[in-house]
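A note on names: the letters A, B, ... follow the listed sequences, proteins ahead of strands, and every chain is numbered from 1. This one's a predicted model, so the numbers in the text were calculated from it and none came from an experiment.
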There are 2 protein chains.
Amino acid sequence: MGEVGEAAVGAADDRAPQRGRGQTVTIRDVAKAAGVSPATVSRVMNNQESVAPELARRVQQAAVSLGYRPSAIAQGLARGRTGLVAITVPDLGNPMFQSVLRGVSRAAGRDGYRLLVTDSHELPLEEPLLAQESRLRADGLVLCSPRSHDRELVELAPTIEPFVLVNRHVDGLEAPTVSVDYSSGVRAVCAHLAWLGHTRVAFLSGPRASVSNRQRMEALEESARGRFELHIVECGSMLEEGYEAADRALATGATAVIGYNDLVALGALGKMTEIGVAVPDQVSVVGFDDIPFSRYISPRLTTVSVPQEELGREAWQRLAAMLRKEDPPADVCFTPRLEVRDSTGPADVRR
Amino acid sequence: MGEVGEAAVGAADDRAPQRGRGQTVTIRDVAKAAGVSPATVSRVMNNQESVAPELARRVQQAAVSLGYRPSAIAQGLARGRTGLVAITVPDLGNPMFQSVLRGVSRAAGRDGYRLLVTDSHELPLEEPLLAQESRLRADGLVLCSPRSHDRELVELAPTIEPFVLVNRHVDGLEAPTVSVDYSSGVRAVCAHLAWLGHTRVAFLSGPRASVSNRQRMEALEESARGRFELHIVECGSMLEEGYEAADRALATGATAVIGYNDLVALGALGKMTEIGVAVPDQVSVVGFDDIPFSRYISPRLTTVSVPQEELGREAWQRLAAMLRKEDPPADVCFTPRLEVRDSTGPADVRR
DNA sequence: TTGTATGCGTTATCAT
DNA sequence: ATGATAACGCATACAA
């Protein structure tokens, strides 16, 4: 017969046809059908103990048979919270951010929070707007690897609180921060390469706006001083860019290539294998992040391993505390671990 | 002069301290500060033309100096829409779903909609709950590769409308659907392998609950009949599972291995390369989806290419139409294209 | 224990 | 063009 919305309980609803907006069946409909007040229905729906079992059952039945679903928006307005966390990342296509996302998603999910995800597509200008926009629809924000300048973030901060910063430190910002000490990772890489006898290394640099790229580059320049001849090769953050930068990296005569992240390292690795450059026999390749692929591709990629999901978990832990009006745990800065695998080997002296 | 939040306009707000919940500065504060009614402020914020330029400026200034941000929740309640789209996927870690996500994100983003993402973690039981839950907080839902049974989805449907189905067809469901004809892809793969002289092939099967896995398997069995000796190897959907299934696949004596998706295919490929099994000289490997990695890993993976982002775009197009109360475009079913690359070659007769 | 009434912050309807 | 004011759907003090 009818397709949808047939109420088999209580009197039919013969009020004027509802205006376009709004819910089909509200708390009042349920209240009417169960012969109680909206307040009681609310209590039942929220499992308040203070309701007579008899009434509770009646309300439940009415709710079910009417197909009543509380409006999350109305609840949000009344409670002053949405049950949503926003997270802004520079690029959803990057496995690193996906892992952070997963970390937040799982942790927040356990606390009944859902994720509002926005991707700034590596556009620093969009970032603050997206962050504000999404924060407005959520109870808090996880700002992941923001590409904006420090001063912009400081300006942005008051409009997006409460929020936590992931993979980026900003001076003069009291927001909880979960970061990674890339310098330490870089030093480990350099020590490893030096030990293998490499003296000419190329760095496939990441997005201009990426602070962690700058960190890695600076640490690299410092670590290389007096040890390596360091070549910077403009690249990016994606597989394809690494693939295409491989030629230029090889042209520098480098015996070791360090990618801004695993994606570009793997892209370059793919290209090298394809054109017959043996890895690690002729050229060594190193990445950053330790995305799942790095472990399962052959040759397995040597990389600076970052606890990606853990970053997400820790971020949520801090945000959750703030949402509970508690003091968030102290900032954490993970020290990444150099994962030596099969893509690095002794320098090829003939190069 | 003052930087932010300095109310240089109108009288100070000296009401009692607001109760914990709610917004700090509301439309009424702005109205008071600008000496107008809330209605006028609302009009200004929404760029309604029918307001005197003079007043508009005053309101704007008041809003800015008070740091006023309209409450998205309240707007949602009043307008009857949230500006959010929910999307549910079985596994956020799978590049295939990430691409669909990106497709939806970009398309919906252009229309001013943000994404509410939920991951069912390949748990069919969680799926319906998550879908309902997230649909409640959004204006519509994209249900991607649902793992639930047809009957459950039919039951679920009325509670999550409007929604669109991606990568799955369900009989008796009038929801707009965007799907892929995997059978056709499977036939292409089989023709390709047969032409290369393969007679023993192994299939690394995907998640039990995956309908597209079943489709691929059935099409494979049909296509193989009388041509190949087909071995089904239990596997999964992730890189690691492919890696670990490689041995079992090789043990079947197959000269060609077809992965449920690119992830497991690449995992298996990695393992083979690692243990010295030459691809494609000794064994051919094929995947499904055509994730970015497949093109940039060496040997480049032969795969059934699915227009992932396009699935997302088409899904949004349909959902957007429904949100506008228009009829959505007709269902689409993409025919995937076999992307022959370097991981397939003539059968090794010695095996 | 249950109901009444008000507030949540905005939009929209109706006067003016 | 602008201002009251009633929804929007729910939660919650407060009253009973």
Side-chain angles (χ1 to χ4, degrees), chain A residues 13 15-60 62-63 66-83 136-139, chain B residues 13 15-59 62-63 66-83 136-137 139:
Chain A
D13 183 1
R15 290 179 307 175
Q18 311 204 345
R19 301 211 288 310
R21 59 176 168 173
Q23 194 112 325
T24 46
V25 35
T26 78
I27 198 172
R28 282 200 279 204
D29 299 324
V30 179
K32 215 163 295 179
V36 300
S37 79
T40 299
V41 177
S42 173
R43 291 191 260 260
V44 171
M45 298 310 288
N46 295 343
N47 299 315
Q48 310 253 50
E49 296 303 338
S50 64
V51 171
E54 154 63 8
L55 268 196
R57 254 195 311 281
R58 237 167 56 207
V59 170
Q60 300 255 9
L66 287 180
Y68 169 65
R69 327 263 332 160
S71 155
I73 310 105
Q75 288 183 321
L77 186 56
R79 293 177 172 151
R81 39 150 283 171
T82 63
L136 228 49
R137 306 170 179 279
D139 299 332
Chain B
D13 181 4
R15 288 180 308 176
Q18 313 204 345
R19 300 211 289 306
R21 59 178 170 172
Q23 193 109 327
T24 46
V25 34
T26 79
I27 199 171
R28 282 201 279 205
D29 299 323
V30 178
K32 214 164 293 177
V36 299
S37 79
T40 298
V41 176
S42 174
R43 288 191 263 261
V44 172
M45 298 309 288
N46 295 351
N47 298 314
Q48 308 254 49
E49 295 302 340
S50 66
V51 79
E54 155 64 9
L55 267 196
R57 254 195 312 280
R58 236 168 59 208
V59 170
L66 288 180
Y68 168 64
R69 327 260 338 155
S71 154
I73 308 104
Q75 289 182 323
L77 185 57
R79 292 177 173 151
R81 38 151 281 168
T82 63
L136 226 50
R137 307 169 180 276
D139 300 330

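- Here C:dT10 is the nucleotide among C:dT10, D:dG9, C:dT2 with the atom lying nearest to any side-chain atom of B:Ile27.
- Residue B:Tyr68 has its side chain nearest to C:dT10 when only D:dA13, C:dT10, D:dA11 are considered.
- Here the P atom of nucleotide D:dC10 and the CZ atom of B:Arg137 are 14 Å apart, to the nearest Å.
- Residue-level contact check: B:Ala39 touches the bases, meaning some heavy atom is under 4.0 Å from a base atom.
- The side chain of B:Ala52 has D:dA1 as its nearest neighbour among D:dA1, D:dA4, D:dC10.
- Across the protein-nucleic acid pair, A:Asn47 atom CG and D:dA11 atom C1' stand 15 Å apart, rounded to whole Å.
- Whole-Å rounding puts the A:Gln48 CD to C:dT1 C1' distance at 12 Å.
- Backbone-only contact: A:Pro70 has heavy atoms under 4.0 Å from sugar-phosphate atoms and none from a base.
- The B:Arg79 side chain lies nearest to C:dT11 when the options are C:dT1, D:dG9, C:dT11.
- Counting non-hydrogen atoms under 4.0 angstrom, B:Ile73 reaches nothing in the nucleic acid.
- Per the geometry, NZ belonging to A:Lys32 stands 12 Å off P belonging to D:dG9, to the nearest Å.
- For the pair B:Arg43 CZ and C:dC14 P, the interatomic distance rounds to 14 Å; values are reported in whole Å.
- Between B:Ser37 and B:Ala74, the residue anchored closer to the 5' end of DNA chain D is B:Ser37, taking for each the nucleotide with the nearest heavy atom.
- When heavy atoms are screened at a 4.0 angstrom cut-off, A:Val51 is found touching the sugar-phosphate backbone but no base atom.
- Within 4.0 Å (heavy atoms only), B:Val36 reaches sugar-phosphate atoms of the nucleic acid but no base atom.
- The side chain of B:Ser50 sits closest to D:dT2 out of C:dT2, C:dG7, D:dT2.
- Regarding contacts with the backbone of D:dG9, every side-chain N or O of A:Thr26 stays at 4.0 angstrom or more from both OP1 and OP2.
- In this structure, CD of B:Glu49 is placed 16 Å from C1' of D:dT2, rounded to the nearest angstrom.
- At whole-Å resolution of the value, CG in B:Leu77 and C1' in D:dA7 are 9 Å apart.
- Nucleic acid contact for B:Thr40: sugar-phosphate only, since backbone atoms but no base atoms lie under 4.0 Å from a heavy atom of the residue.
- Here D:dA11 is the nucleotide among C:dG9, C:dG3, D:dA11 with the atom lying nearest to any side-chain atom of A:Gln75.
- The base of D:dG9 does not come close enough to the side chain of A:Arg69 for any donor and acceptor atom to sit less than 3.5 Å apart.
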